[in-house]
Undergrad: 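Take this structure, written in structure tokens, and hold onto it; I'll ask about it next.
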Amino acid sequence: LSEHYLKKLNQTEFQDLLLIRGNDLLRKDSMLLKSNTFEKLLIANRGEIACRVSYNFQVIKTCKKMGIKTVAIHSDVDSSAVHVKMADEAVCVGPAPTSKSYLNMDAIMEAIKKTRAQAVHPGYGFLSENKEFARRLASEGVTFVGPDTHAIQAMGDKIESKLLAKNAKVNTIPGFDGVVKDADEAVRIAREIGYPVMIKASAGGGGKGMRIAWNDEETREGFRFSSQEAASSFGDDRLLIEKFIDNPRHMKSRFVLADKHDNALRNQKVVEEAPSTFLDPETRRAMGEQAVALAKAVKYSSAGTVEFLVDTKKNFYFLEMNTRLQVEHPITECITGLDLVQEMIRVAKGYPLRHKQADIPINGWAVECVHSGIQEGSDISIYYDPMISKLITYGSDRAEALQRMEEALDNYVIRGVTHNIALLREVIIHPRFVQGDVSTKFLPDVYPDGFKGHKLTDLEKRELLAIATSLYMAEQLRSQQFLGSPRISLAKLDLNNWELSIQLGDGTYSVTVSNNGSTFSVEVDGMKLNVTSEWNLASPLLSVTIDGTQRTIQCLSRDAAGNISIQFLGTVYKLRILTKLAAELSKYMPEKAVEDTTSILRSPMPGAVVAVSVKPGDLVSEGQEICVIEAMKMQNSMIAAKTGKVKAVHCKAGETVGEGDLLIELE
């Protein structure tokens, strides 16, 4: 097009022109790829990864772009899940427990035959690193979008992969290179290695089936829980033990992409952040060379991740190789521009890689906190992984990526489930994290007593009180109006000096507020703050300006009694706002008796009862395990809060319990 013509276009017309041209190119790309890959692909997974495989993180459907129809599998409780709705076809493969659905190879193979799928993408977790599943697919002439069975066997098994890594001259962590038979052998091996040790599932990943032990008792307990979690999550309860590197500087991963023509690419990333703030070019190159050497040693062909542990002196040690797409793959895609799912599908079809190592630069910075496989109305089941969504931000540099993450977390609306947005936001603004001073002990070092939420400064506390007051007043004023007019025409609204009392935590604060249009002037502790907003009380998000400072808040709940919950700076704060008269009268109200929680045990989360260790009449000691609850594939030991006699047991093994359900009573 001529320059003269382009200058005459307005912005909307120009964008439409680009969209038409872009769609034309996509159609040509789709036609080219459709004739050379697969017609139908089954996704043997659930949740956000299933959505990711059929729905590109750049909001372009990877499989649709390639002309591939998608088939979703699901358990009966996942029938309305997002990945089921997004796929072209869906097949139920069994009831909720993973062993009867997403790990049920017979049912999945039947689904493949029923839908005539030509290929299977396993995602991550479940059967993604199961050599038997890959073998069965090959025997039926179905393409497994991943490495061959030899590579899965070699690298998917942590014990075998460690031996192979040693032979390939890859640095490894000292430890026992065989299978640990029982708890007694675990203790013996741990003593020989020297505490602390890491107990982990040979077929594991994602932190499941993994425990740190500092003594014999913790080793026995760790062996029990790790083997049970491994069996539940991976269908394989074998464990290994190795030396735990205390206070490692970083957990590193090297993304590897290899084809069937002996070509391999790599890209370095830190879990949830790419690139690394710590690695120098020499260490990065050395890690990459060892990662590629290991991949070539097993003739690896697909996307995978080689993980290393790095100490403060930049010595690095091989941990494991994940023979699958990694949870954190979107940040690799952000800084490299590659669509890894598309590359995996092309490699599975036998195409050589389209890129050379020199074609893979590191552009910008990406951070991952929490890509989503859920939507409003989705059921969050107790049977599956606790990670329900991921949030990725990208910037030209680290500061921009972190700033966007902070803003994105403030604007992240999620209701109905407990989440960790407050912690994530606090971590990314912490001076140590901002400076790149991060190790695997960051959380226990920074929050030795556990994370309690954001600690408000005096100014931030005044801002919160002023925002809460303004919200309260905006609602009061709205309730006095009907169709824009006062409900009682003769009523006089005194907006000059509203005196209120606010309870926040253990403190009570007196405030005075007046209104002028969309601005409320609030006086708190002798300081006047002006709060301005559109005051759309129906919106889950509210942008407010406090004396020129913009804040994004969420009002989670409010009631007629003056109780209000506000998410401010990532943390949820509960306040109670009363008029001066109501505050004076409230002291005459009887207080609700506090429940004695030392004599009862309630379930801290919804889950399934794995074991009950006591019965009525038994004597228990403080700290003694009395039952085990499994939630989202993680087992949790419930202990007695005091020494006493068991009065009643309200649960039994195999039962499903809800959050707050009574489990055990003590006399």
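Bear in mind that the values here come from a model prediction, so they are computed numbers and not experimental data.
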Undergrad: For Phe442 together with His430, are the ring centres under 6.0 Å from each other?
TA: yes

Undergrad: Could you measure the distance from the NZ atom of Lys131 to the OG1 atom of Thr149? Nearest 0.5 Å is fine.
TA: 9.0 Å

Undergrad: Supply the atom-to-atom distance Leu409 CG to Arg404 CZ, rounded to the nearest 0.5 angstrom.
TA: 14.5 Å

Undergrad: Quick check: does any side chain N or O of Thr172 sit under 3.5 Å from a backbone N or O of Phe318, one acting as donor and the other as acceptor?
TA: no

Undergrad: I need the Leu424 CG to Ile429 CD1 distance, nearest 0.5 Å.
TA: 11.5 Å

Undergrad: Distance check, rounded to the nearest 0.5 Å: Ile199 atom CD1 versus Ile212 atom CD1?
TA: 10.0 Å

Undergrad: Does anything in residues 160-172 pair up under salt bridge (charged side-chain N to carboxylate O under 4.0 Å, His left out), and if so which pairs, sequence neighbours excluded?
TA: Lys162-Asp177, Lys162-Glu242, Lys166-Asp177

Undergrad: Would you mind checking if Lys314 and Glu282 are paired as a salt bridge, meaning a charged N to carboxylate O distance below 4.0 Å?
TA: no

Undergrad: Does CD belonging to Glu217 count more than 12 external heavy atoms closer than 6.0 Å?
TA: no

Undergrad: List for me each residue that meets ring pair (Phe, Tyr, Trp, His ring centres under 6.0 Å) alongside Tyr447, sequence neighbours excluded, and say none if there are none.
TA: Phe451

Undergrad: Parallel, tilted or perpendicular, judged at 30° and 60°: which one describes the rings of Tyr102 and Phe126?
TA: parallel

Undergrad: In the structure I gave you, are the side-chain heavy atoms of Val628 and Phe225 within less than 4.5 Å of one another anywhere?
TA: yes

Undergrad: In terms of side-chain geometry, is the basic nitrogen of Arg354 or Glu343 positioned less than 4.0 Å from the acidic oxygen of its partner?
TA: yes

Undergrad: Between the side chains of Lys299 and Asp148, is the shortest nitrogen-to-carboxylate-oxygen separation below 4.0 Å, so that they form an ion pair?
TA: no

Undergrad: I would like to know whether Lys200 and Glu320 meet salt bridge (Lys or Arg N to Asp or Glu O under 4.0 Å); could you show each step before the answer?
TA: CA-CA 11 Å; Lys200 56 186 181 182; Glu320 62 182 353; 5.5 Å; no

Undergrad: Can Asp216 and Arg191 be counted as an ion pair, charged N to O under 4.0 angstrom?
TA: yes

Undergrad: Without swapping roles, check the side chain of Glu333 against the backbone of Leu340 for a donor-acceptor pair under 3.5 Å.
TA: yes

